[in-house]
Each structure stands twice: as C-alpha cells, then as structure tokens.
Amino acid sequence: MEIPMDSYAKLVFSQVENPNPFLCTALIRGYCLQGLVKESVFVYSEMRKKSVLPISFTFSALFKACGVVNDVDLGRQIHGQTILIGGFGFDLFVKNSLIEMYVKLGFLGCGRKVFDELPERDLISWTELIVGYVKAGDMESAGELFSELPKKDMVAWTAMVTGYAQNAKPREALEFFERMLNEGVETDEVTLVGVISACAQLGAAKYANWIRDIVENLGFSPTRCVVVGSALIDMYSKCGSVEDAYKAFKVMEEKNVFSYSSMIAGFAMHGYAYAALELFHEMVKIGIKPNKVTFIGVLTACSHSRMVEQGRQIFESMEEKFGISPGVDHYSCMVDLLGRAGCLEEALNLAETMPLEPNGGVWGALLGACRTYSNPDIAQIAANHLFELEPNAIGNYILLSNIYASAGQWNDVLMVRKMMREKGLRKNPGCSWLETKKGVIQEFFAGDMSHPRYGEMKQVLEDLLNRLKAIGYQPNMNSIAYDVSDEEKRRILITHSEKLALAFGLLDINADFPIRIMKNIRMCEDCHSFICGVSQITRRVIIVRDNLRFHHFHDGKCSCGNFW
C-alpha cells in the first residue's frame, strides 16, 4: 500500500547524515505521490550535490511525476540526466517509464524514438506505445506495432479491441475480439466493456445477443458483475431495446452510480422521461450519490419531454444538495431544455451569463431551438458563435439557412450559401444501416444507387410517396440547402440514406418485427415527416437512431413529439 508523504517521514529523513540512494528515492517518491514535484526535484538535486547516485526507481518516480503535472520540459531535463550520468541506456525499467511519460504528455514521436533505440523490449515497452497510438487515434500504427509484437498478452489484445471501439471502428474491434478468443487469450472486464461498446455503436440485435451470450459463458453475468452489467445496459439502450436494458438492470444484484446512470441515460435517449426521473429519485433515496454523468442523463430526459420546472429544480439541486458544480454539458442541457420549451430569450441569457465558456453544444442547442420556433434573430447570434467555434461544421450553416428560408429572408439564405461555397464546405455523406432478418448489417449511403435491390427499393419509395401525397405529405424542400431546382431537390430527398434503409427494411423484415435503422448524422425534417407518414400507412413500428436520440415511429406519431 502506497502511503503519502507526511511531516514525520521528512523529520526521520533529516536525521540521517548520509542517506543512501534508496532512502532518497523513497522521499522523492513520497513527494511525487502527493504531486509535489518541485520538492521531489529538490531532493534529487541534493542527492547529486552529495554525489549520491540515483537508481532506476529514482528516475521512474520523477518521470511519473512529470506526467502527472504535464511538464514535458522538466521530463526532458530528467531524461537528459539519465544520459549525462550514464548507465541507464540498457535499463528497461527506466526506458519504459520514459516512454510512458512521453506518451501521456502527447509527445508520441519522442516515445517512439526511445522505443526504437531500445536494444531489447518487453511487453510493457510494446503495450505503452500501442496505447499511445490508440489514444492518438492512429490505429494503423497501433496495428502495425501489434502485428510485430512477438508475444501478445491479454493487455495488448485489450488495448487493440478497446482502441478500435474508442476510435469509432466497431467492426474492427469485433474482428480483433474474435481473433483473441480463437487464440485462447483470457479476457477480463476491460476487454468485454470494449467489445460491448463496439456492439452498441453498431446498434444491431445480432451482436448484442452474441456478446451477451459470451459474457454469460465467461462468468461475467450482469447479475454479479456491475461493470459489465452497466455496459450492457448502455448497449441495449443504443441498440434500440430499452426493455432489454431494463431487464439487465433489474437482474443486477449490486447496483452503483454507473449502472443507475446508464439506465437513466437509456430512458432519456428513448424519451421515457418519467421513468428516468423515477430511477433518479430511487437512487438518491437508497443512498447512491449521483455524479455529473447522472445529471446529464436526467436533464436530457427533462429536455426531451419539455419538463422545464423539473429540470430547473434538478439543475439547482446539483450544487445545493449534492455539492456538484455544473459543467458546460449541464448548461448545454439547460439551454436545450429552455429552447425546446420556447423560452428562447431565457436560453440566450443563460448561454451569455453562464460562469463557464459556452461550447458548441450550448450554442448548437440554442440554434436548434430557433429552427423549431422560427427565430432568425437569436439564430444569428447562436450561429455567429458556432462559426467561430466550429468554422467547418456544415450542419450549422445548413440549419441557419433553413431558419432564414422559413422566415422568408432569402437574401440571408443566399449569404449563408455563399459562405458555404467560399469555405468549400460539403455535407458529410449520410449513412444509415440496419440489420436484415438474416442478421447481416446492410449499409446505405445518400444518393447511392448501387445496391443489388435498388430497383425494388426505388419502386417501394415511389409507391410510398404517392400514398403519402394522398394524405397531405409534401417534400420539405428546406431540407436541401443547395441552390438547385425543385426537381433535383426531390430527387436528392428521396435517396436520403434513411429512406433507402427504410425501403429495404419493408422488403426484407417481417411485418411482425420493428424496422430498426441507425444513422450517422441528424435526421432531416423531411425524412422525419416521411417516416412518420410511412408508419401510419403501413402500420409498421419504425425505430430510428440518429446522432441525437431515438425516434420511435408508430401510427403516424414519433416519440420525440416532432422536436429533436
């Protein structure tokens, strides 16, 4: 057990006339544990003045301290000391500590140079650098290192699995995990949480059920393992089955703040605000203190259901009752809550007076509310901030253009479109995917006509369009920000990725089962009203997850209440 420095330890040290390297290192390490880097460096300087040679543990403690206080300059000086004193060129313990420090401080090139100059390496050397590449999002370099690693243990495999999951490459994460299982490598909770995260990103029931069976077979059932149980709750929620998420939650013998927070967030993203609030009050009642993530879930639930007063009370209770200072994400939730309720002036005032610097989430929430309530004046204020914070985020320009178009301010529409052209901005290609009845993931890209069944899908969409027009549907031209003819806008709209996925789902998935569609970006207004109408005329349940929330369409209505 590590015991931090105290005055008694310093007093004992001061009584020693000629302290040896081990005693000096113990004092240095004690200071480092408390983050007192200056003091630890002072002890090191005194060692050198007294000609006491440092040992491996001396440098490893100092390198770790530099990493904790984010001081790369000091770290480089200490690195220089290892070279100046000599004798540490072949010391793997020191070199691994040095790689760890450079990686942690974001100087991956320096860490790689130390690694490349090592005469011999162990698993720690390889894994430290692999983790560094993973954190930097360079999975290609991480993969190359992993393939060169002579002996791959559980830590290295887990680094790759979680790395792919964290860098939005869920298929690669699952592929590595299957290879890991085939190699007979042991797995632990960390590995499984990474794989579960990858399954959540794909949003497919096939993978959700597959990993659940593996979890049970490996002895990590959510009944007994709270970490894995919490991850499964999140996964099922993101796969569109909040019912299965709640089942996983209910069977957990031990529940903590993470499991409650995951379930609250699950209810929130599906629009079940009352269930989220009830669970929040339950956890408080039984003595589990909510954390910052819990409050984001609860405030999101209030926002999606326009429960303004409940949201205000919960926001105020954060600091008053639970001693948690609201972060920028909590203020973003409050701006969103006020904006959704139509309190645009109050939302703007909160954004302008909040004690923290508002980020894109805050101004984006306000801009989205201005679209719903057609307020171009406040929209312009929010957009100006967004253009500074996120100059290349095309969605903000499109949203502002649509707000101007709805208000009939065509000169302003032209101005925004000109800005987009000058910046060379192009909309990210919409991508939607769904799971077929055979468990295969099918992907669809906006405007892509290369699918083998495109002819059938086109016919389905044309039939739906004619039936919808008969009950009053008209394509929303404002969903297309480009300056093209109305006919071209209609062609673009009918080939949006979620419409293509919907057409395929109607062809492939039995009428007794819901059609579950995942999308990489926000669903446009036209697709939302189109799918609403389709759910009415086909009597099908259609569930769409975009990058904001879940939309449950049934009998011509959506769970979001047409506000998202």
Visitor: Does one side chain, of Asn256 or Ser259, offer a donor that lies under 3.5 Å from an acceptor on the other?
Guide: yes
Visitor: Among residues at least two apart in sequence or on other chains, which ones pass ring pair (Phe, Tyr, Trp, His ring centres under 6.0 Å) with Phe220?
Guide: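 Ring pair (Phe, Tyr, Trp, His ring centres under 6.0 Å) list for Phe220, sorted by chain: empty.
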Visitor: So which pairs with a foot in residues 183-208 pass ring-ring contact (aromatic ring centres under 6.0 Å, His included), sequence neighbours left out?
Guide: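 Sorted result for residues 183-208: empty, none.
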Visitor: Which donor-acceptor pairs under 3.5 Å do the side chains of residues 468-477 make with protein atoms, sequence neighbours left out?
Guide:
| unit_1 | atom_1 | unit_2 | atom_2 | d |
| --- | --- | --- | --- | --- |
| Tyr473 | OH | Asp526 | OD1 | 2.6 |
| Tyr473 | OH | Asp526 | OD2 | 3.3 |
| Asn476 | OD1 | Asn478 | N | 3.0 |

Visitor: Can you give me every donor-acceptor pair (side chain of residues 265-287, partner residue at least two apart or in another chain, under 3.5 Å) with its distance?
Guide:
| unit_1 | atom_1 | unit_2 | atom_2 | d |
| --- | --- | --- | --- | --- |
| His270 | ND1 | His552 | NE2 | 2.7 |
| His270 | NE2 | Ser237 | O | 2.8 |
| Glu282 | OE2 | Tyr260 | OH | 2.7 |

Visitor: Can you name the nearest heavy-atom pair linking Pro376 to Ile403, along with the distance?
Guide: CA-CG2, 3.8 Å
Visitor: Which one of Glu498, Met518, Met523 satisfies the side chain to side chain contact (heavy atoms under 4.5 Å, CB included) criterion with Asp546?
Guide: Met523
Visitor: Using only atom types and a distance under 3.5 Å, with no angle test, would you say the side chain of Asn375 pairs donor to acceptor with the backbone of Leu344?
Guide: no
Visitor: Is it true that Lys152 and Glu183 have a side-chain N and a carboxylate O under 4.0 angstrom from each other?
Guide: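 No.
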Visitor: In terms of side-chain geometry, is the basic nitrogen of Arg467 or Asp463 positioned less than 4.0 Å from the acidic oxygen of its partner?
Guide: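 Salt bridge flag = no for Asp463 with Arg467.
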Visitor: Do the two ring centres, one from Tyr404 and one from Trp410, sit under 6.0 Å apart?
Guide: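 Ring-ring flag for Tyr404/Trp410: false, centres at least 6.0 Å apart.
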Visitor: Check the pair Asp329 / Ser332 against side-chain hydrogen bond (donor to acceptor under 3.5 Å, both in side chains), numbers first and verdict last.
Guide: CA-CA 5 Å; Asp329 290 333; Ser332 178; 5.7 Å; no
Visitor: Do you know which of Val293, Ile233, Val257 makes side chain to side chain contact (heavy atoms under 4.5 Å, CB included) with Ser262?
Guide: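 Exactly one pass, corresponding to Ile233.
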Visitor: Quick one: ring pair (Phe, Tyr, Trp, His ring centres under 6.0 Å) partners of Tyr164, sequence neighbours excluded?
Guide: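 With sequence neighbours excluded, Tyr164 shows a ring pair (Phe, Tyr, Trp, His ring centres under 6.0 Å) to Phe176, given in chain and number order.
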Visitor: Considering residues at least two apart in sequence or located in another chain, which fulfil the ring pair (Phe, Tyr, Trp, His ring centres under 6.0 Å) criterion with His451?
Guide: Phe444, Phe504
Visitor: Nearest heavy-atom pair of Val161 and Gly194: which atoms, and what distance?
Guide: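 So the two residues come closest at CG1-C, 4.4 Å.
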Visitor: Run the salt-bridge test on Glu216 and Arg212 with the 4.0 Å N-O cut-off and return the result as yes or no.
Guide: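 So Glu216 pairs with Arg212 through a salt bridge.
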Visitor: Between the side chains of Ser303 and Arg340, is a donor N or O closer than 3.5 angstrom to an acceptor N or O?
Guide: yes
